[in-house]
Structure formats: C-alpha cells, structure tokens
**Q** 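This structure is in structure tokens; I'll ask about it shortly.
Since this is a predicted model, take the numbers as computed values, not measurements. Scope of the values below: all heavy atoms of this structure, side chains included, with no hydrogens, waters or symmetry mates.
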Amino acid sequence: MADAMTAPTARLEQKTAARTEDAVKVYGKGQTEVRALDGVTVEFAAGRYTAVMGPSGSGKSTLLHCVAGLDSLTSGRAFIGDVDLSTLNDQRLTILRRDHVGFVFQAFNLVPTISAAKNITLPLLLAGRKGDQAWIGKVIEITGIGGRLQHRPSELSGGQQQRVAVARALASKPEIIFADEPTGNLDSRAGTEVLTFLRRAVDEMGQTIVMVTHDPMAASYADRIVFLADGQIVDEMRQPTAERVLERMSRFGE
C-alpha cells in the first residue's frame with residue numbers, strides 16, 4: 001500500500017529479520033500424516049511488512065508459528081536474526097521470544113482484570129524491565145489509544161482491544177512482530193485502523209512485521225506477499241494492491 005520509506009526502514013532494508021531453510025513440518029504418521037510445510041526456504045527482510053497468504057490448509061499459519069518459535073520443525077531450520085531456533089532449549093527460546101519477538105493474534109489475548117496501560121507493559125514487567133518510556137509513548141501515539149489507557153478490556157471495543165494488543169507487541173522494541181490474522185475478529189473499519197497502525201509502525205518506527213492473512217485488502221498494506229499452497233511457496237508479489245491480490249488468489253481457487 002504505502003511505498004514511502006523512512007530513514008530507519010532504509011537502513012534495515014538489506015538485513016534479514018527471520019528466515020527458514022528447507023522447513024518441513026509433518027503432523028501425524030502413516031495414513032494420517034499431513035505435510036503442513038514441504039521444504040520452505042524464505043527470508044523476511046528487516047524493516048519491511050510481509051504478508052503470507054494461501055488457501056486454507058496451505059501451511060501459512062504453520063510457517064508463522066515455526067519461524068516465530070511457537071512450534072518446532074520436523075526438519076530444516078528456522079532463524080530469528082542469526083539465531084538457529086533448533087539450538088535453543090525451552091528456557092532460552094522463551095527468553096528470545098520475550099525479548100526479541102512481538103505477537104499479535106486474532107484473539108486479542110488481553111488480561112481482563114487489568115487496564116489497557118498495564119496490558120501494554122505487562123510483558124516488560126514480567127521480564128523485570130521498565131522499558132523505554134519515550135518509545136512506549138510513541139507506540140501509544142501511533143496506536144491512538146491514549147484516551148483509553150485506564151479502561152479494562154471489557155470496556156473497549158474489539159478494534160480498541162486489538163490496538164492495545166498491537167501496542168503490547170511493539171512496547172518491548174522487538175526485532176520482529178508476527179501477526180496471525182490480526183483483523184479476523186474485527187469489522188472493516190476497525191480492521192483498517194489496525195492495519196494502518198501496523199503500516200505506520202514499519203514506516204515510522206522501522207519495525208518488521210510478518211502477517212498471515214486471507215484478506216486481500218489486509219495484504220495490500222504489505223510491502224511484499226508470499227503465497228503458499230500445499231506447504232510450498234508458489235509465488236510472491238511486491239507493492240501489492242487488493243485487486244492484484246484477488247486476481248492472484250483466484251488462481252489458487254481461494
């Protein structure tokens with residue numbers, strides 16, 4: 001959607017935030033075996049917004065979960081920065097996710113008993129860190145929730161809750177944010193707001209976002225789209241528009 005790049009984005013352009021090498025993920029055995037990923041090699045550039053699309057069952061969410069360290073590969077390797085996730089034990093993997101990765105999911109996953117402000121800073125508090133207050137202030141400004149910080153999740157609309165979730169993901173200055181269908185539970189207006197905030201996080205804060213979506217309009221906010229089918233990368237698109245994405249997805253019977 002937006003093509004403009006700020007200086008932070010330009011500086012990061014040549015770096016790779018995450019990648020996989022010949023990633024294979026198999027569920028089940030014998031007649032029940034499902035090969036969710038079938039030799040996927042892909043790079044996600046730092047300071048860029050990448051969408052992952054494909055028909056239902058194509059492996060897009062599995063790819064995101066494996067490269068984010070939420071699930072393990074059957075074979076192949078996944079990296080965040082230069083770190084091979086397969087070399088980390090559970091404790092080190094938890095620390096890497098906590099300190100270097102942000103997550104935004106379809107379900108908002110907010111703690112219902114605390115305010116929006118406390119939800120935003122909760123991961124930092126659990127890590128024993130105060131966080132960069134100037135950065136957190138910028139995050140709150142970009143996500144537009146400054147007037148709702150003392151409200152609990154039940155007092156917020158779905159779009160506001162997802163904006164809090166985006167702010168929480170950004171608050172720790174992660175190296176990369178993984179978003180799995182972040183607008184799936186939102187109406188079109190709220191979804192557009194959340195996508196705009198994600199786009200601004202890339203353009204104005206130099207963030208890196210990898211987003212799984214089935215929505216051509218959501219994907220059009222990205223710099224690049226990677227298309228999966230049957231567990232393999234089958235195409236990609238740069239500078240997408242919703243119309244071009246719809247046409248491309250129609251080839252997959254989506």
Side-chain angles (χ1 to χ4, degrees), residues 1-3 18 44 48-65 67-68 70 101-112 116 119-120 139-146 148 151 153-171 174 176-205 207-228 236-250 252 254:
M1 183 140 170
D3 295 327
F44 299 108
R48 306 294 279 175
Y49 190 162
T50 304
V52 181
M53 300 192 77
S56 299
S58 62
K60 53 187 184 292
S61 288
T62 300
L63 174 62
L64 182 142
H65 291 168
V67 77
L70 297 173
V101 181
F103 297 98
V104 183
F105 297 107
Q106 184 171 339
F108 313 128
N109 293 340
L110 302 179
V111 178
N119 266 286
I120 290 168
V139 166
I140 290 169
E141 176 192 340
I142 280 184
T143 51
I145 53 173
R148 309 292 288 177
H151 292 71
S154 62
E155 300 171 310
L156 302 175
S157 68
Q160 289 168 339
Q161 290 184 62
Q162 192 63 302
R163 282 189 267 165
V164 172
V166 171
R168 179 182 58 192
L170 287 164
I176 187 168
I177 291 174
F178 294 100
D180 194 355
E181 299 282 6
T183 61
N185 283 337
L186 304 178
D187 61 34
S188 59
R189 179 177 177 180
T192 297
E193 291 178 352
V194 168
L195 293 165
T196 299
F197 301 137
L198 292 174
R199 181 71 252 177
R200 287 185 65 191
V202 174
D203 291 337
E204 299 179 22
M205 305 173 82
Q207 283 294 305
T208 304
I209 295 174
V210 178
M211 176 183 72
V212 164
T213 184
H214 69 280
D215 181 359
M217 181 57 70
S220 72
Y221 282 74
D223 300 300
R224 168 188 176 225
I225 302 175
V226 174
F227 294 94
L228 269 69
E236 72 171 70
M237 180 186 295
R238 296 182 186 273
Q239 298 182 331
T241 64
E243 292 76 15
R244 290 178 64 208
V245 177
L246 266 174
E247 190 277 330
R248 191 71 55 93
M249 291 299 292
S250 69
F252 305 138
E254 184 76 341

**Q** Check whether any side-chain N or O of Arg163 sits under 3.5 Å from a backbone N or O of Ile140 as a donor-acceptor pair, and report yes or no.
**A**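 Pair absent, no side-chain N/O of Arg163 close to backbone of Ile140.
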
**Q** Which atoms form the tightest heavy-atom contact between Ala165 and Val104, and what is the distance?
**A**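 That would be O-CG2, 4.2 Å.
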
**Q** Please round to the nearest 0.5 Å and tell me the distance separating atom CG of Leu170 and atom CD1 of Ile120.
**A** 10.0 Å

**Q** To the nearest 0.5 Å, how far apart are CD in Gln161 and CZ in Arg148?
**A** 10.5 Å

**Q** Please report the shortest heavy-atom distance between Pro174 and Ala169, naming the atom on each side.
**A** CG-O, 3.2 Å

**Q** Is there a side-chain contact between Val166 and Leu198 in this structure, where contact means two heavy atoms from C-beta onward sitting under 4.5 Å apart?
**A** yes

**Q** I'd like to check Met53 versus Val245 (side-chain heavy atoms, cut-off strictly below 4.5 Å). Are they in contact?
**A**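 They are in contact (side-chain heavy atoms under 4.5 Å apart), so the answer is yes.
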
**Q** Any side-chain heavy atom of Val194 within less than 4.5 Å of one from Leu186?
**A** yes

**Q** Could you grab the distance from atom CE of Met249 to atom CD1 of Ile225, nearest 0.5 Å is fine?
**A**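 One finds 9.0 Å between CE of Met249 and CD1 of Ile225.
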
**Q** I'd like to check Leu70 versus Phe103 (side-chain heavy atoms, cut-off strictly below 4.5 Å). Are they in contact?
**A**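 Yes. Closest side-chain heavy atoms under 4.5 Å.
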
**Q** Under the side-chain contact (heavy atoms from CB on, under 4.5 Å) criterion, do Val164 and Phe108 qualify, and how do the steps go?
**A** CA-CA 8 Å; Val164 172; Phe108 313 128; over 6 Å; no

**Q** Using atom types as modelled and distance alone, determine if a side-chain donor or acceptor of Gln162 lies under 3.5 Å from a backbone N or O of Pro182.
**A** yes

**Q** With a 3.5 Å distance limit and no angle check, can you tell me whether Gln160 reaches the backbone of Ser157 through a side-chain donor-acceptor pair?
**A**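 Checking the backbone N and O of Ser157 against the side chain of Gln160, a donor-acceptor pair under 3.5 Å is found.
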
**Q** Hey, is the main chain of Arg224 close enough, under 3.5 Å, to the side chain of Arg48 for a donor-acceptor pair?
**A**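 The answer is no, because no donor-acceptor pair under 3.5 Å joins these two groups.
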
**Q** Determine the minimum heavy-atom distance between Pro153 and Asn119, stating which atoms define it.
**A** CG-ND2, 3.9 Å

**Q** Give the C-alpha distance, both sets of side-chain angles, the deciding distance and a yes or no for side-chain contact (heavy atoms from CB on, under 4.5 Å) between Met237 and Phe227.
**A** CA-CA 8 Å; Met237 180 186 295; Phe227 294 94; 3.9 Å; yes

**Q** Distance-only, no hydrogens or angles: does the Lys60 side chain make a donor-acceptor pair with backbone N or O of Gly54 under 3.5 Å?
**A**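 Here the side-chain-to-backbone pair exists.
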
**Q** Give the intermediate values and the outcome of side-chain contact (heavy atoms from CB on, under 4.5 Å) for residues Val52 and Leu64.
**A** CA-CA 8 Å; Val52 181; Leu64 182 142; over 6 Å; no

**Q** Search all heavy atoms of Thr241 against all heavy atoms of Ser220 and return the closest pair with its distance.
**A**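 Of all heavy-atom pairs spanning Thr241 and Ser220, the closest is C-CB, 3.9 Å.
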
**Q** Is the closest side-chain heavy-atom distance between Arg168 and Asn109 below 4.5 Å?
**A**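 Result yes, sub-4.5 Å side-chain heavy-atom pair found.
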
**Q** Can you give me the closest heavy-atom contact between Ile142 and Phe197, atom names plus distance?
**A** O-CD2, 2.8 Å

**Q** Quick one: pull up OG1 in Thr208 and CD1 in Ile177 and give me the separation to the nearest 0.5 Å.
**A**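 Here the interatomic distance stands at 8.5 Å.
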
**Q** On a heavy-atom basis, which atom in Glu155 and which in His151 lie closest, and how many Å separate them?
**A** OE1-CA, 3.4 Å

**Q** What's the separation between atom CD in Glu236 and atom CZ in Arg248, rounded to the nearest 0.5 Å?
**A**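 Answer rounded to 0.5 Å: 9.5 Å.
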
**Q** Is the shortest heavy-atom distance from the side chain of Tyr221 to the side chain of Thr192 under 4.5 Å?
**A**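 The answer is yes; the side chains approach within 4.5 Å.
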
**Q** Can you list the steps and then say if Arg199 with Asp223 is a salt bridge (charged side-chain N to carboxylate O under 4.0 Å, His left out)?
**A** CA-CA 9 Å; Arg199 181 71 252 177; Asp223 300 300; 3.1 Å; yes

**Q** Are the side chains of Asp180 and His65 in contact, using a 4.5 Å heavy-atom criterion?
**A** yes

**Q** Taking the side chain as C-beta and beyond, is there a heavy-atom pair between Val67 and Val210 under 4.5 Å?
**A** no

**Q** Which is it for Leu195 and Met211 under the side-chain contact (heavy atoms from CB on, under 4.5 Å) test, yes or no, and what are the steps along the way?
**A** CA-CA 10 Å; Leu195 293 165; Met211 176 183 72; 3.9 Å; yes

**Q** Measuring from Glu181:CD to Ser61:OG, what's the distance to the nearest 0.5 Å?
**A** 6.0 Å

